[in-house]
Amino acid sequence: MVKSVFCLSLIFVHALLWAYDPSTADIAKVVGDKGGLRGGLGCGVDVGTGLDPFVRDPISLNGPWSYILDPQDFGAAEFYKDLRQDGVKLVQHDFDRAPTMNVPTDWNSVDRSLLYYEGPMWLRRKFSWTARPGRRAILRFGAVNYRADVWLDGKLLGSHEGGFTPFAFDVTSLLANKTHSLVVRADATRHPESIPCMAFDWWNYGGITRDVALFDLPETYIAEGVLQCAKGRLDVLEGCVRLSDARAGVTASVKIPELDVSAEAKTDAKGIARFRIEAKPELWSPEKPRFYEVRFACGPDAFADQIGFRTIEVKGKKILLNGKQVFFKGVSLHNEKLGGGRVAKGSDAQRQLELAKDLGCNFLRLAHYPHDEATVRAAERQGFMVWSEIPVYWNIQWTNEATYANAERQLCDMVRRDVNRAGVVVWSLANETPYGAARDKFLSTLAKKARTLDMTRIISMAMEIGDVKGDVCTITDTLNPYVDIVSFNQYIGWYWAGADEAARFVFKIPYDKPVVISEFGGGAVYGRHGPKTERWTEEYQAELYRFNLEMLSRIDGLSGLTPWILFDFRSPRRPCPGIQDGFNRKGLVSEKGEKKLAFDVMRRFYEALDRKPAR
């Protein structure tokens, strides 16, 4: 009895002002499944490249959404037991009287009073629909942080956990020629078993943070269309078409008109048709980000994507792009607008990309979670190679099977979403995780899974130094056998030792692999000046960079740098009044876009690299 009342209360009828629907009893099975809809795979639908809003023409559900704050989570509690009584109108939870926010956005930026809010919020959008026979309707969310429970006209569609990857529902049977009501319970509450878990050094922006759209598709449609260079080959393209339904014997095709190449194949029992095409495309590179229109078709469904072709691999201590050695001239970047707020549209990230280009970068570490699709595509168009990461951050519940399943789902969703993006060259599985057998099992299993998803990209994790004896830093992480490049974070001159002491340290790296320094740096307040020995001054930060770059340049096999971080970003862990004021101050640029002295130090270093003869 308690369970049934709890499940009924989840319907949150007092907020929606809908009559009780007896069919909600069927929802209990879904609500009771703590795995939700398996990371967004609902009703047989997943979010592959075929549901990309950049290659389809979806119906946008962005814009004004009514919202109701629910700080004590009354919507999921056992109360208002008289909901079934006729005539009950609980005005205090009336969406028609509620304020609105323009989705996609984060609620922390919409209302200053919600800056620190991390609990549940209810959001509603009404829309009209004209049903068409023989068509499918798919509802897609780009991201909701952190957990989303979704209802359409009072019927629970399902749930999704993870704040940075897309998810979708097949709503064909629920849509009719009328006005519909779409309700989302977005909950940014942190939990120990979540990914990320309780502690992380960035702002927990809650809400519907990325696009919401409806896709009007054929009854059987292309759920995924993939094409890329075969591993280690510049003259062979491989890919597939996967249908929304497991139908065998259906003819699918891929075509690149500019290259005058095409191929057809029959789907197997899983609804997958595989292609292998001999072709010699002009290759994508940072110097010339080249793209081709690739057309995927199957029956009545077709779409085209702009795809670049390139190879990325490691050979000994070198990273090879298109068979030639490349150095990752990078910087780390959060998916945050200058001044705070989650990036919600392509223009939000343009200033950051301009700053990275001015710094001399050809590489971006998009930390510490998958960034939005518009940013990834814009970076690719501008010639940036990209490191994309899932938020397995610091210490999580390594022995919790549900936590591992969550991490694997987020990995699968990240790879599936961006598999056609030539700019994405690194899949990263974790950041700064503590050593231990349980952690090793968790992440080694995740690494093996990543290789089954995509054999054509580099696998990495941002590790920590390990062992320090005197001036010698030895990389001892036992997970190095599972990655392609040795990446680690180090803060010599900031968290230990002085800025001028950094140059005396040496690194011992007992692996025949390329080395990428995934983080280094220190904090400074823009406009704060003083002696180069005084912390928080621009002079100290610039000195720290000079000595760190001298130290790191001596590493055998150094193949990339991504200093932490491009610009100051919000973090509740950084409260120091008059200095941090709720921002992590390690940026080379202030939160207002003002360049610090260290920006020029880093830029000159990259300029000097460009002048060196190719190795």
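Values below: all heavy atoms of this structure, side chains included; hydrogens, waters and symmetry mates excluded.
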S.K.: For the residue pair Glu538 / Tyr526, report whether a side-chain donor-acceptor contact shorter than 3.5 Å exists.
M.R.: no
S.K.: Determine whether the aromatic ring centres of residues Trp202 and Tyr393 are separated by less than 6.0 angstrom.
M.R.: yes
S.K.: Where do His371 and Leu366 come nearest, in terms of heavy atoms and distance?
M.R.: NE2-C, 3.4 Å
S.K.: Taking salt bridge (charged side-chain N to carboxylate O under 4.0 Å, His left out) as the test, write out the residues that go with Glu408, two or more places apart.
M.R.: none
S.K.: Using only heavy-atom distances, determine whether the side chains of Glu336 and Tyr205 contain a donor-acceptor pair under 3.5 Å.
M.R.: yes
S.K.: Enumerate the ring pair (Phe, Tyr, Trp, His ring centres under 6.0 Å) contacts for residues 569-592, please, sequence neighbours excluded, ordered by first and then second residue.
M.R.: His334-Phe569, Trp564-Phe569
S.K.: Which atom pair, heavy atoms only, marks the closest approach of Asn108 to Trp203?
M.R.: ND2-NE1, 3.8 Å
S.K.: With a cut-off of under 6.0 Å to the ring centre and 45° to the axis, is Lys337 in cation-pi contact with Phe567?
M.R.: no
S.K.: Would you tell me whether Asp201 and Asn584 have side-chain atoms, one donor and one acceptor, within less than 3.5 Å of each other?
M.R.: yes
S.K.: If the threshold is 4.0 Å, N to carboxylate O, is there a salt bridge linking Arg417 and Glu224?
M.R.: no
S.K.: Identify the two heavy atoms, one from Asn204 and one from Glu118, that lie closest to each other, and give their separation to 0.1 Å.
M.R.: ND2-OE2, 3.0 Å
S.K.: Determine whether the side chains of Arg147 and Ser159 contain a donor N or O and an acceptor N or O closer than 3.5 Å.
M.R.: yes
S.K.: Do Tyr146 and Ser194 have side chains that get closer than 4.5 Å, going by heavy atoms?
M.R.: yes
S.K.: Check the side chains of Tyr369 and Glu389 for a donor-acceptor pair under 3.5 angstrom, ignoring hydrogens and angles.
M.R.: no
S.K.: Considering non-hydrogen atoms only, spot the tightest contact between Ser460 and Trp387 and give its length.
M.R.: OG-CH2, 3.8 Å
S.K.: If you define the side chain from C-beta out and look only at heavy atoms, does anything of Leu588 sit under 4.5 Å from Lys595?
M.R.: no
S.K.: One pair to check against side chain to side chain donor-acceptor pair (under 3.5 Å): Asn489 and Ser518. What are the steps and the verdict?
M.R.: CA-CA 5 Å; Asn489 303 345; Ser518 39; 2.5 Å; yes
S.K.: Answer with yes or no whether the side chains of Thr209 and Arg342 bring together a donor and an acceptor at under 3.5 Å.
M.R.: no
S.K.: Go through Asn406 and Thr403 one step at a time and tell me if the side chain to side chain donor-acceptor pair (under 3.5 Å) criterion holds.
M.R.: CA-CA 5 Å; Asn406 186 353; Thr403 299; over 6 Å; no
S.K.: For Gln350 and Gln382, test the side chains for any donor-to-acceptor distance below 3.5 angstrom and give the result as yes or no.
M.R.: yes
S.K.: Does any non-hydrogen side-chain atom of Leu453 lie less than 4.5 Å from one of Cys412?
M.R.: yes
S.K.: I want to check something: taking the side chain as every heavy atom from C-beta on, are Leu566 and Met602 in contact at a cut-off of under 4.5 Å?
M.R.: no
S.K.: Determine, step by step, whether Asp106 and Ser109 satisfy the side chain to side chain donor-acceptor pair (under 3.5 Å) criterion, reporting the C-alpha distance in whole Å, the side-chain angles of both residues, the deciding distance to 0.1 Å, and the verdict.
M.R.: CA-CA 6 Å; Asp106 61 273; Ser109 301; 2.7 Å; yes
S.K.: Do you know the tightest heavy-atom contact between Arg351 and Gly593?
M.R.: NH2-O, 3.7 Å
S.K.: Please report the C-alpha distance between Glu193 and Asn400 in whole Å, then the side-chain angles of each, then the deciding distance to 0.1 Å, and finally whether the side chain to side chain donor-acceptor pair (under 3.5 Å) criterion is met.
M.R.: CA-CA 7 Å; Glu193 70 277 9; Asn400 188 324; 5.9 Å; no
S.K.: Do the numbers put Lys126 on top of the ring of Phe95, so that NZ or CZ is under 6.0 Å from the six-membered ring centre and no more than 45° off the axis?
M.R.: no
S.K.: Assess the side chains of Trp65 and Asn62: does a donor N or O sit below 3.5 Å from an acceptor N or O?
M.R.: no
S.K.: Hey, which of Leu69, Asp70, Val184 is the one that makes side-chain contact (heavy atoms from CB on, under 4.5 Å) with Trp122?
M.R.: Asp70
S.K.: With the threshold set at 4.0 Å, does a side-chain nitrogen-carboxylate oxygen contact exist between Asp52 and Arg377?
M.R.: yes
S.K.: Arg140 side chain to Leu214 main-chain N or O, any donor-acceptor pair under 3.5 Å?
M.R.: no
S.K.: In terms of heavy-atom contacts, does CG of Asn177 have more than 12 from other residues, nucleotides or ligands at under 6.0 Å?
M.R.: yes
